[in-house]
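Note sheet for the following structure.
Being a predicted model, the structure only gives us computed values, none of them experimental. Values below: all heavy atoms of this structure, side chains included; hydrogens, waters and symmetry mates excluded.
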Amino acid sequence: MLTLGNFIFELRTTPFQQLRRSDSQRWGSQNRLGLRPALQDLGPGDETLSLSGVLHPEITGGRVHLDKLRDMMHSGSAWVLIDGGGYVYGLWVIKNIDETSTLFFEDGTARRIEFSLNLTRVDDDRVDLLGDQEQGIQ
């Protein structure tokens, strides 16, 4: 489905049901008397990507895979994002992970885990931010 560094989003780990991508451009504005404001292109703005899905630990991945993503997030590193078709999205950082557990077994283990993951793109030349590629391996 998708890889972030060496973390693979697939049915046995964290299959997502929705991918949402947002991109923006920054524009500076200078007010002018009697005219519309003058706009100046300041370059690319934030590019974000959100993944969301539902895990059923008896069938798909579970909390352990979300914890691996949390470790990647807390490393302060950026990761190369590539989809299953080979398209390279560039370098991305994990901004936040949300998790909601419901339908519990008697021991308190969740039977259903809803998750969302938010990523923000960093400039591709920021190789100093590249994460340890061993960290994402399952």
Side-chain angles (χ1 to χ4, degrees):
M1 297 175 74
L2 194 69
T3 63
L4 181 63
N6 281 337
F7 187 89
I8 302 169
F9 291 87
E10 60 183 347
L11 290 179
R12 67 179 182 86
T13 61
T14 46
F16 55 90
Q17 284 77 45
Q18 184 177 45
L19 184 150
R20 183 177 183 171
R21 187 176 178 188
S22 176
D23 200 355
S24 65
Q25 186 73 10
R26 296 178 302 133
W27 292 92
S29 177
Q30 179 65 44
N31 288 330
R32 301 183 296 177
L33 188 59
L35 299 170
R36 288 186 181 91
L39 295 177
Q40 180 178 6
D41 183 1
L42 299 177
D46 284 338
E47 185 175 351
T48 61
L49 194 134
S50 299
L51 302 171
S52 60
V54 177
L55 304 178
H56 299 279
E58 64 273 9
I59 301 168
T60 63
R63 181 169 287 123
V64 65
H65 299 293
L66 293 175
D67 287 343
K68 288 181 183 185
L69 287 166
R70 280 189 182 88
D71 290 344
M72 291 171 68
M73 175 178 66
H74 293 304
S75 75
S77 299
W79 310 93
V80 176
L81 183 68
I82 305 170
D83 71 16
Y87 180 79
V88 178
Y89 287 84
L91 289 177
W92 296 74
V93 295
I94 302 172
K95 294 284 283 207
N96 69 300
I97 299 170
D98 293 318
E99 173 184 334
T100 303
S101 298
T102 56
L103 303 173
F104 298 94
F105 288 108
E106 288 180 11
D107 66 356
T109 304
R111 293 174 56 199
R112 177 183 170 92
I113 302 171
E114 296 178 36
F115 73 93
S116 65
L117 175 74
N118 294 300
L119 308 170
T120 299
R121 187 172 181 178
V122 298
D123 289 329
D124 291 342
D125 61 354
R126 291 297 314 267
V127 294
D128 59 308
L129 292 176
L130 273 174
D132 176 8
Q133 295 306 304
E134 295 296 316
Q135 189 167 0
I137 294 177
Q138 268 85 136

Enter the distance from [X]:[atom1] to [Y]:[atom2] here, rounded to the nearest 0.5 Å.
X: Gln17; Y: Glu114; atom1: CD; atom2: CD; answer: 9.5 Å
X: Leu4; Y: Leu91; atom1: CG; atom2: CG; answer: 10.0 Å
X: Ser75; Y: Ile94; atom1: OG; atom2: CD1; answer: 7.5 Å
X: Leu2; Y: Glu10; atom1: CG; atom2: CD; answer: 11.5 Å
X: Asp67; Y: Met73; atom1: CG; atom2: CE; answer: 10.0 Å
X: Leu69; Y: Leu51; atom1: CG; atom2: CG; answer: 9.0 Å

Kindly work out whether a path of hydrophobic side-chain contacts (I/L/V/M/F/W/Y, heavy atoms less than 4.5 Å apart) joins Phe9 to Tyr87. yes

Is any side-chain heavy atom of [Y] closer than 4.5 Å to one of [X]?
X: Phe16; Y: Leu117; result: no
X: His65; Y: Phe115; result: no
X: Ser101; Y: Thr109; result: no
X: Thr14; Y: Phe7; result: yes
X: Arg112; Y: His56; result: yes

Check Val122 against Ala78 and note the closest heavy-atom contact, atom names and distance. CG2-CB, 3.9 Å

Residues, nucleotides or ligands: over 12 heavy atoms within 6.0 Å of Arg20 CZ: no

Could you check whether atom CD of Glu58 has more than 12 heavy atoms from other residues, nucleotides or ligands sitting under 6.0 Å from it?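 Count over threshold, so yes.
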
Residues sharing Trp27's hydrophobic cluster, by side-chain heavy-atom contacts under 4.5 Å among ILVMFWY, directly or via others? Leu39

Counting only pairs under 3.5 Å, give me each side-chain donor-acceptor contact of residues 41-49, with atom names and distances, residues two or more places apart or in other chains.
residue : atom : partner : partner atom : Å
Asp41   : OD1  : Gln25   : NE2          : 2.6
Asp41   : OD1  : Gly43   : N            : 2.9
Asp41   : OD2  : Gln25   : NE2          : 3.3
Glu47   : OE1  : Arg121  : NH1          : 3.3
Glu47   : OE2  : Arg21   : NE           : 2.9
Glu47   : OE2  : Arg21   : NH2          : 2.5

Flag the pair Asp71 and Lys68 as a salt bridge only when some basic side-chain nitrogen lies within less than 4.0 angstrom of an acidic carboxylate oxygen. no

Backbone of Ile8 reached by a side-chain donor or acceptor of Thr13 within 3.5 Å: yes

N/O donor-acceptor pairs under 3.5 Å from side chains in residues 29-37, not counting sequence neighbours:
residue : atom : partner : partner atom : Å
Arg32   : NE   : Arg36   : O            : 2.9
Arg32   : NH2  : Arg36   : O            : 2.9

